[in-house]
Number of protein chains: 2
Amino acid sequence: MPRKRNAHRSPDMPTLADVARLAGVSEITASRVVRVQGPIADSTRARVLTAIAELGYIPNRAAGSLASAGSTLMSVLLPSLSNIVFPDVLRGIHTALTETAFQPVIGVTDYDPLIEERILVSFLAWQPAAVILAGLHHTPTARRHLEHGRFRVAELMDIDGEPVDIAVGMSHRQAGYETGKHLIQRGYRRFGYARHNVTTDDRASARYEGLCSALQEAGLSLVAEHCYPDASSTKAGRDALAILLAAHPDLDVVVFPNDDMAMGGIFHCMHAGIAVKEKLGIFGFNGLDIGQAMPMPLSTILSKRFLIGKTAAEKLLESRERPAEKTIINTGFDIIEGATA
Amino acid sequence: MPRKRNAHRSPDMPTLADVARLAGVSEITASRVVRVQGPIADSTRARVLTAIAELGYIPNRAAGSLASAGSTLMSVLLPSLSNIVFPDVLRGIHTALTETAFQPVIGVTDYDPLIEERILVSFLAWQPAAVILAGLHHTPTARRHLEHGRFRVAELMDIDGEPVDIAVGMSHRQAGYETGKHLIQRGYRRFGYARHNVTTDDRASARYEGLCSALQEAGLSLVAEHCYPDASSTKAGRDALAILLAAHPDLDVVVFPNDDMAMGGIFHCMHAGIAVKEKLGIFGFNGLDIGQAMPMPLSTILSKRFLIGKTAAEKLLESRERPAEKTIINTGFDIIEGATA
DNA sequence: AAGATTTATGACAGCGCTACCATAAAACGC
DNA sequence: GCGTTTTATGGTAGCGCTGTCATAAATCTT
């Protein structure tokens with residue numbers, strides 16, 4: 001009675017042992033061929049490969065992970081998937097991981113550090129090779145896990161702070177500051193700001209602060225701001241601008257936390273017959289394609305989301321061990337002049 | 001010398017055995033508490049839970065999967081992440097999986113069945129509980145794996161065909177057909193169509209065919225079409241429309257394969273001073289928020305992407321075993337009249 | 001009260017793979 | 001030509017968990 005357990009694999013899924021037997025080698029040699037590891041004679045490799053093809057062998061990664069105490073999974077924790085920014089980051093990660101043995105496992109935190117912590121712990125159960133998350137701010141428990149774990153860690157988007165291992169991103173504070181300087185230089189003086197409800201989006205807050213300090217340096221300050229109660233969207237931007245202008249018709253420029261909302265702002269202007277740029281400047285953030293395809297391209301800041309994801313994943317693959325010094329990679333940003341401010 | 005292997009877990013990560021010892025129960029009992037499975041006395045559960053908290057125990061899912069020949073992973077294979085459609089689907093899946101033990105592992109196929117097959121096989125190595133993919137068309141090898149595997153399968157987006165297990169989506173052929181009928185009824189006669197380069201996007205092709213057959217029924221046919229050589233984008237739509245109109249200034253409506261391109265079309269009209277709807281109708285597909293936030297909301301078809309993802313994942317969770325009959329769930333679509341056609 | 005059932009727990013083997021150590025043969029050095 | 005290194009392969013012992021079967025105690029029948 002060789003096989004006692006019957007809850008197991010379908011009609012005898014072949015195992016490494018089957019492959020080894022058919023190829024006339026030991027299990028460990030077959031294993032080495034599969035993993036492309038260690039010295040193997042060409043003839044042996046060929047025999048094993050043939051056996052694999054013949055049996056339709058699929059390795060069992062759970063067994064492999066258990067035996068080697070490590071997996072080929074990379075945990076990716078993103079705040080949101082509604083915000084186009086994060087699919088872009090994910091795309092970058094995925095691009096870097098193509099052709100490698102690594103696979104991303106994704107979780108969505110909804111910008112909530114507690115959810116992040118919960119998902120992180122559940123991901124750790126897979127002994128991932130690396131963990132990628134957004135931002136440098138995590139719960140103490142999460143941070144402890146990140147610091148003591150046997151895996152690489154990349155914190156994306158933001159570089160204003162102390163990373164656990166690697167940080168890849170840009171300074172959002174500086175982006176906000178440069179936005180302010182840029183607009184002041186172009187003659188704008190009466191600034192409005194349209195927020196949205198995500199209070200835990202640290203990056204948006206950092207940009208806001210940067211903008212304020214640029215204004216302050218120039219002896220200015222925000223004339224008005226409005227916080228739209230719902231999540232960010234084009235409609236949110238459109239409505240927010242309407243409200244802002246109703247209360248403060250004398251604004252000459254309005255800064256939005258992202259391009260989606262800024263486009264909403266432009267749509268409001270189109271609807272209300274306000275001459276964008278001459279009468280009212282509109283400034284966004286992200287540099288989405290759609291904004292640049294408009295008849296008057298959106299003035300905004302290009303954040304390099306794909307590059308951030310790709311760079312982070314590549315960097316993580318460089319070494320399995322965490323190096324002594326932390327790495328901070330600034331992918332920077334570009335101001336897109338556009339035609340709306 | 002108890003611990004011979006030193007490549008293993010960091011300074012003694014606690015195992016279930018440690019938890020069991022501390023709680024004064026057997027390993028299997030501790031395991032049952034962790035998995036919330038089988039009858040456990042309240043007092044015992046409490047002791048085990050305390051031990052877990054005290055040790056900071058994190059279960060090892062690789063070991064669990066190996067022992068039980070099954071994992072809590074759900075493989076998700078999407079054609080693309082650039083196309084907003086799929087992050088929306090993914091969001092739906094993720095929503096359904098929150099609060100369950102399942103975690104999505106994602107792969108991107110780039111609309112290529114061969115890449116899909118390759119990723120599928122590498123995912124199968126984790127013995128996933130379910131596999132989610134887009135469309136009903138796969139390579140023979142992929143299909144064989146899907147049919148013989150011990151996991152549930154959901155094929156999303158499309159329902160025009162024979163699924164392996166579950167299909168959730170809508171009839172794209174019908175959507176194209178209804179688009180044609182709707183536009184004909186509104187008086188449009190001279191139709192143009194702007195494609196993009198993705199020849200393997202079966203859904204877009206099905207809509208195209210549906211549109212053509214509606215025209216045919218009415219004794220009409222496409223006056224012109226243009227295939228933009230690059231991937232779909234707003235700019236692609238804008239350029240494609242410009243080219244189309246240059247050759248055929250007499251078109252009275254242009255249908256686009258998606259909203260992104262349709263918006264590009266509108267931007268072209270704005271730029272060229274063409275009265276949208278009166279002079280030229282524009283029709284999209286997807287029903288993206290941004291199109292509806294425009295001063296003249298885009299006429300389009302609302303595809304229920306989030307719902308598709310969510311429904312599929314929920315359906316998959318209903319039973320671990322594949323039922324005898326296949327399930328097809330039609331999430332339908334809505335025509336959004338909008339103001340552009 | 002004696003059996004039948006349910007509830008709570010445990011012993012043990014083994015899932016399929018790889019780390020570790022050992023060995024044998026081939027290539028190299030001088 | 002005799003050590004020494006390199007190349008190629010194998011034996012063995014687990015990795016940490018859960019399926020299976022067994023058992024003991026509590027509860028329910030009639």
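In what follows, chains carry the letters A, B, and so on, assigned in the order in which the sequence lines appear, proteins first and then strands, with residues in each chain numbered from 1. Just so you know, these numbers come straight off a predicted model, no measurement behind them.
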Visitor: Using whole Å, report how far CG of D18(B) lies from P of dC15(D).
Guide: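 Nearest whole value for this atom pair: 12 Å.
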Visitor: Closer than 4.0 Å, any side-chain N/O of T44(B) to the OP1 or OP2 of dT9(C)?
Guide: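 Looking at the OP1 and OP2 atoms of dT9(C), one of them is under 4.0 Å from a side-chain N or O of T44(B).
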Visitor: Can you figure out which of dC17(D), dA8(D), dC17(C) approaches the side chain of Y57(B) most closely?
Guide: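 Nearest nucleotide to the side chain: dC17(D).
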Visitor: Show me the side-chain donor-acceptor pairs of residues 308-317 of chain B shorter than 3.5 Å, one per line, residues at least two apart or across chains.
Guide:
residue: K310(B); atom: NZ; partner: E314(B); partner atom: OE2; Å: 3.3
residue: T311(B); atom: OG1; partner: L307(B); partner atom: O; Å: 2.6
residue: K315(B); atom: NZ; partner: E318(B); partner atom: OE1; Å: 3.4
residue: K315(B); atom: NZ; partner: E318(B); partner atom: OE2; Å: 3.4

Visitor: If you go through the side-chain atoms of R61(B), does one of them form a donor-acceptor pair with the base of dG16(D) closer than 3.5 Å?
Guide: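 Side chain to base: no pair present.
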Visitor: Show your working on salt bridge (Lys or Arg N to Asp or Glu O under 4.0 Å) between D158(B) and R203(B) and close with a plain yes or no.
Guide: CA-CA 7 Å; D158(B) 209 345; R203(B) 268 85 60 197; 5.1 Å; no
Visitor: Could you give the CD-to-C1' distance, from Q127(B) to dT18(D), as a whole number of Å?
Guide: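 Whole-Å distance recorded here is 14 Å.
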Visitor: Using atom CG of L66(A) as one end and atom P of dC15(D) as the other, report the distance to the nearest whole Å.
Guide: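 Result: 9 Å.
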Visitor: Which of these nucleotides, dG11(D), dC17(C), dG10(C), is closest to any side-chain atom of I28(A)?
Guide: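 Shortest atom-to-atom distance from the side chain points to dG11(D).
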Visitor: Output, in order, the C-alpha distance, side-chain angles, deciding distance and verdict of side-chain contact (heavy atoms from CB on, under 4.5 Å) for H138(A) and L146(A).
Guide: CA-CA 10 Å; H138(A) 319 288; L146(A) 293 173; 4.0 Å; yes
Visitor: Starting from C1' on dT9(C), measure out to CZ on R45(B) and report it in whole angstrom.
Guide: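 Value for this atom pair: 13 Å.
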Visitor: Please determine, for the side chain of L16(B), which listed nucleotide (dC17(C), dT9(C), dC17(D)) has the closest atom?
Guide: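 In terms of side-chain proximity for L16(B), the closest of dC17(C), dT9(C), dC17(D) is dC17(D).
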Visitor: May I ask you to say what R35(A) touches in the nucleic acid, namely base, sugar-phosphate or nothing, with a heavy-atom cut-off under 4.0 Å?
Guide: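 Sugar-phosphate, no base atom in range.
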Visitor: Can you tell me how far C1' of dT9(C) sits from CD1 of I40(B), to the nearest Å?
Guide: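 About 8 Å, once rounded to whole Å.
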Visitor: Kindly point out which of dC17(C), dA11(C), dC17(D) is positioned nearest to the side chain of S26(B)?
Guide: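 Among the listed nucleotides, the one closest to the side chain of S26(B) is dA11(C).
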Visitor: Under 4.5 Å between any side-chain heavy atoms of E155(B) and P163(B), yes or no?
Guide: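 Of all side-chain heavy-atom pairs linking P163(B) with E155(B), at least one is under 4.5 Å.
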Visitor: Go through dG19(D), dC17(C), dT9(D) for me and flag the one nearest to the A67(A) side chain.
Guide: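 Ranking dG19(D), dC17(C), dT9(D) by closest atom to the A67(A) side chain puts dC17(C) first.
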Visitor: Return a table of donor-acceptor pairs under 3.5 angstrom between the side chains of residues 73-82 of chain B and protein atoms on other chains or two or more places apart.
Guide:
residue: S80(B); atom: OG; partner: S82(B); partner atom: N; Å: 3.0
residue: S80(B); atom: OG; partner: N83(B); partner atom: N; Å: 3.2

Visitor: I need the CG-C1' distance between N60(B) and dT18(D), as an integer number of Å.
Guide: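 It is 12 Å, rounded to the nearest whole Å.
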Visitor: Measure from the side-chain heavy atoms of Q37(A) and tell me the nearest of dG19(D), dA19(C), dT18(C).
Guide: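 In terms of side-chain proximity for Q37(A), the closest of dG19(D), dA19(C), dT18(C) is dA19(C).
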Visitor: Do T139(A) and E117(A) pass the side-chain hydrogen bond (donor to acceptor under 3.5 Å, both in side chains) test, and can you show the C-alpha distance, the side-chain angles, and the key distance before you say yes or no?
Guide: CA-CA 7 Å; T139(A) 68; E117(A) 176 189 317; 2.7 Å; yes
Visitor: Could you please name the option among dC15(D), dC17(D), dT9(C) that lies closest to any side-chain atom of R32(B)?
Guide: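 The closest nucleotide is dT9(C).
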Visitor: Check whether any side-chain N or O of S31(A) sits under 4.0 Å from OP1 or OP2 of dC17(C), and answer yes or no.
Guide: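 No, no such contact exists.
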Visitor: Hey, can you pull the residues of residues 47-56 of chain A with a non-hydrogen atom under 4.0 angstrom from DNA chain C?
Guide: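 Hits under 4.0 Å, by residue number: none.
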Visitor: Applying side-chain hydrogen bond (donor to acceptor under 3.5 Å, both in side chains) to S31(A) and R35(A), what does each step give before you reach the verdict?
Guide: CA-CA 6 Å; S31(A) 170; R35(A) 287 178 293 152; 3.0 Å; yes
Visitor: Starting at atom CD of E27(B), determine the distance to atom C1' of dC15(D), rounded to an integer number of angstrom.
Guide: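 So the two atoms are 12 Å apart, to the nearest Å.
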Visitor: Can you work out whether G24(B) or G64(A) has the more 5'-proximal nearest nucleotide on DNA chain C?
Guide: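 So the residue in question is G24(B).
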Visitor: Would you say N60(B) and T15(B) make side-chain contact, with heavy atoms under 4.5 Å?
Guide: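 In short, these two side chains do not touch, never coming nearer than 4.5 Å.
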Visitor: Counting side-chain heavy atoms from CB outward, which of dT7(D), dG16(C), dA8(C) is closest to A63(A)?
Guide: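 Closest nucleotide to the A63(A) side chain: dG16(C).
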Visitor: Looking at dG10(C), I'd like to know if its phosphate oxygens (OP1 or OP2) sit under 4.0 Å from a side-chain N or O belonging to T29(B).
Guide: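 Result: yes.
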